[in-house]
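By convention here, the first residue in the shown sequence is residue 1.
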Amino acid sequence: MHPLRTRLPRLLLATVPLLALTAGQSSSGLLHVAVDNVRATSGHVHVDICTQAQFLKDCPIAANAPARVGLTTVTLAGLKPGRYAAQVFYDQNGNNKVDRALFGVPKEGVGFSNDAKIKLAPPKWEEAVFDYDGQEKTIRLKLRYFIGPNAPGQ
């Protein structure tokens, strides 16, 4: 008799308890987005979580949190595993959009996952993408301002 045939039943029995342990575990679907460099306490911080097709557009996965000077954390629940990018803005006046100045320059703080740089244009998908496995996770990014004073201490 082949040695694997004699060990196979024992191997299968050894994996049953492991399967039972992992079967009861479900993914939390919680993603915390820690947004640094928030200027003030008025308004809210808005986070969009986007797939590649939705990136730099309106994304259906979104959440807000009241603004806190310095660090504001926005939590999204029920997120499925996948590849995403976060696009974030500080909606200081609460009008639910990024206010813009001449030539489309944002008046409010904006940022992207991976702290992707904003040069003369928004970052590319590849610069902002992150993998999400369905388990509770925190990502961090820093808002960037192009007009007006920066956050305290910056």
| request: Show the numbers, then the answer: is there a side chain to side chain contact (heavy atoms under 4.5 Å, CB included) between Ile61 and Leu79? | output: CA-CA 8 Å; Ile61 305 167; Leu79 190 62; 3.9 Å; yes
| field | Asp36 side-chain N/O to Leu141 backbone N/O, donor-acceptor pair under 3.5 Å | value | no
| query | Quick one: salt bridge (Lys or Arg N to Asp or Glu O under 4.0 Å) pairs with a partner in residues 69-96, sequence neighbours left out? | reply | Arg83-Asp131
| query | If every non-hydrogen atom of Glu108 is compared with every non-hydrogen atom of Lys97, which pair is closest and at what distance? | reply | OE1-O, 3.1 Å
| task | For Lys124, check side chain to side chain contact (heavy atoms under 4.5 Å, CB included) against everything at least two apart and list the hits. | result | Glu126, Glu127
| query | Which heavy atom in Ala85 sits nearest to a heavy atom in Ser113, and how many Å separate them? | reply | CA-OG, 3.5 Å
| Can you list every disulfide (SG to SG under 2.5 Å) pair that touches residues 54-100, not counting sequence neighbours? | Cys50-Cys59
| field | Whether Phe112 and Phe55 hold their rings parallel, tilted or perpendicular, with breakpoints at 30° and 60° | value | perpendicular
| Backbone N or O of Glu136 within a donor-acceptor pair of the Ser28 side chain at under 3.5 Å? | yes
| request: Kindly give the heavy-atom pair with the smallest separation between Leu143 and Asn37, and that separation in Å. | output: O-ND2, 2.9 Å
| field | Leu30 side, atom CG; Leu76 side, atom CG - distance, nearest 0.5 Å | value | 9.0 Å
| task | For His46, check ring pair (Phe, Tyr, Trp, His ring centres under 6.0 Å) against everything at least two apart and list the hits. | result | Phe89
| said: My understanding is that only residues two or more places apart in sequence, or in another chain, count here; which of them pass side-chain hydrogen bond (donor to acceptor under 3.5 Å, both in side chains) with Gln54? | reply: Thr51
| said: I'd like to check the salt bridge (charged side-chain N to carboxylate O under 4.0 Å, His left out) partners of Asp115; sequence neighbours left out, ordered by chain and number. | reply: Arg144
| message | Test of understanding: clusters of I, L, V, M, F, W, Y form through side-chain heavy atoms closer than 4.5 Å, transitively. Do Leu71 and Val45 belong to the same one? | response | no
| said: Taking disulfide (SG to SG under 2.5 Å) as the cut-off, I'd like each qualifying pair that reaches into residues 61-118, sequence neighbours left out, listed once. | reply: none
| query | Would you find a donor on one side and an acceptor on the other, under 3.5 Å apart, between the side chain of Tyr90 and the backbone of Ala40? | reply | yes
Can you give each donor-acceptor pair under 3.5 Å made by side-chain atoms of residues 98-106, sequence neighbours left out, with the distance rounded to 0.1 Å?
{"from": "Asp99", "atom 1": "OD1", "to": "Asn95", "atom 2": "ND2", "distance (Å)": "2.8"}
{"from": "Asp99", "atom 1": "OD2", "to": "Asn93", "atom 2": "ND2", "distance (Å)": "2.6"}
{"from": "Arg100", "atom 1": "NH1", "to": "Gly104", "atom 2": "O", "distance (Å)": "2.8"}

| note | side chain to side chain donor-acceptor pair (under 3.5 Å) pairs touching residues 67-76, sequence neighbours excluded, are His32-Thr75
| side chain to side chain contact (heavy atoms under 4.5 Å, CB included) between Leu31 and Tyr84, intermediate numbers included | CA-CA 11 Å; Leu31 177 67; Tyr84 298 101; over 6 Å; no
| query | Heavy-atom distance under 4.5 Å between the side chains of Asn96 and His44, does that happen here? | reply | yes
| Going from CD on Gln87 to CG on Asp48, what distance comes out if it is rounded to the nearest 0.5 angstrom? | 5.0 Å
| message | Distance check, rounded to the nearest 0.5 Å: Phe130 atom CZ versus Asn114 atom CG? | response | 8.0 Å
| message | I need the full list of disulfide (SG to SG under 2.5 Å) pairs touching residues 64-93, with sequence neighbours left out, sorted by first then second residue. | response | none
| Once you round to the nearest 0.5 Å, how far does CZ of Phe146 lie from NZ of Lys107? | 15.0 Å
| message | Applying disulfide (SG to SG under 2.5 Å) as the test, list every pair that has at least one member in residues 105-140; sequence neighbours left out. | response | none
